[in-house]
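Report on the following structure.
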Amino acid sequence: MNPTPIALGLAAAFVLPTIAEARSVTLTTTIKSYWGNNAYMAIYVTDAQGNLKSTLDLSGSRGKYFRHLRDWTRARAHGPTGVDGVTGASVGPGKTLKVKVDVADALIDAGYEIHIDTAAEDGNDFPSDVVVPLTSASAGKAVSGAGYVSAFQFDM
């Protein structure tokens, strides 16, 4: 008996489920036009109780200002402290940030929410500037923010 087909079958049984465990999600965030410094931003996922599950994007180059992203900072105290997605520079007024991240399939349509906190040096802080359910039904629909975010949309 040739062991190669059996070994390949076993390898596929272990590899294929890990491929299907995450989905590529594109996050598109447009910042309002305003006069002032660039916006710092944290895009993160919480459960229904507000517990941090994952940080998808962190925009801003000076860590001392991250404390102004208050809901995210508070959630990090009781959840994962690392950034699971992308990090980059702060986002300028009127600019759009578009990033691709992997989101675990188990988080989609399971009661989780995407939050965006924004803040700007010498400007205002907007904890939970955007809150949107992480559902298939919410995908592809733009929502407005309460602070610096003009529009946010995620696509799967």
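Just so we're clear, the structure is a prediction, and the values are computed from it rather than from any experiment.
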(message) Measuring from atom CE of M156 to atom CG of L134, what distance do you get when rounded to the nearest 0.5 angstrom?
(response) 6.5 Å
(message) To the closest 0.5 Å, what do you measure between CD (Q153) and NZ (K98)?
(response) 8.5 Å
(request) Can you label the angle between the W72 ring and the F66 ring as parallel, tilted or perpendicular, going by 30° and 60°? (result) perpendicular
(request) Provide the closest heavy-atom pair for A75 versus G50 in the form atom of the first, atom of the second, distance. (result) CB-O, 4.1 Å
(request) Flag the pair P93 / N38 as yes when at least one side-chain heavy-atom distance between them is below 4.5 Å, and no otherwise. (result) yes
(message) So, taking the atom named NZ in K95 and the one named OG in S90, what distance separates them when rounded to the nearest 0.5 Å?
(response) 12.0 Å
(request) Check K32 against G147 and note the closest heavy-atom contact, atom names and distance. (result) NZ-O, 2.9 Å
(request) State, to 0.1 Å, how close D155 and G140 come at their nearest heavy-atom pair, and which atoms those are. (result) OD1-CA, 3.2 Å
(message) Quick check: closest heavy atoms across E121 and N37, and the distance to 0.1 Å?
(response) O-ND2, 2.8 Å
(request) Please examine the side chains of T135 and D109, heavy atoms only from C-beta on, and report whether any two atoms are closer than 4.5 Å. (result) yes
(request) Output yes when a side-chain donor or acceptor of Y148 lies under 3.5 Å from a complementary backbone atom of N124, and no otherwise. (result) yes
(message) Just so I know, are the side chains of V130 and T29 near enough to count as touching, which here means a heavy-atom distance under 4.5 Å?
(response) no
(request) Under the side chain to side chain contact (heavy atoms under 4.5 Å, CB included) rule, what do L69 and L58 come out as? Steps first, then yes or no, please. (result) CA-CA 10 Å; L69 304 170; L58 186 59; 4.1 Å; yes
(message) Using every non-hydrogen atom in the two residues, find where D129 and V149 come nearest and quote the distance to one decimal.
(response) OD2-N, 3.1 Å
(message) Contact between S138 and F154 at the side-chain level, heavy atoms closer than 4.5 Å - yes or no?
(response) yes
(request) Check D117, D57, T55 against Y44 for a side chain to side chain donor-acceptor pair (under 3.5 Å) and give me the one that passes. (result) D117
(request) Determine whether V45 and V131 fall in the same hydrophobic cluster, where Ile, Leu, Val, Met, Phe, Trp and Tyr are linked whenever their side-chain heavy atoms lie under 4.5 Å apart. (result) no
(request) To the nearest 0.5 Å, tell me how far I43 CD1 sits from L97 CG. (result) 6.0 Å
(message) Could you measure the distance from the CZ atom of F126 to the CZ atom of R70? Nearest 0.5 Å is fine.
(response) 10.0 Å
(message) What's the separation between atom CZ in R74 and atom CG in L52, rounded to the nearest 0.5 Å?
(response) 12.5 Å
(request) Would you name the heavy atoms of S136 and R23 that are closest together and state the gap between them? (result) OG-NH1, 4.5 Å
(message) Using side chain to side chain contact (heavy atoms under 4.5 Å, CB included), reason through I31 and S150 one step at a time and then give a plain yes or no.
(response) CA-CA 5 Å; I31 300 298; S150 172; over 6 Å; no
(request) Answer whether the closest heavy-atom distance between the side chains of Y112 and K53 falls below 4.5 Å. (result) yes
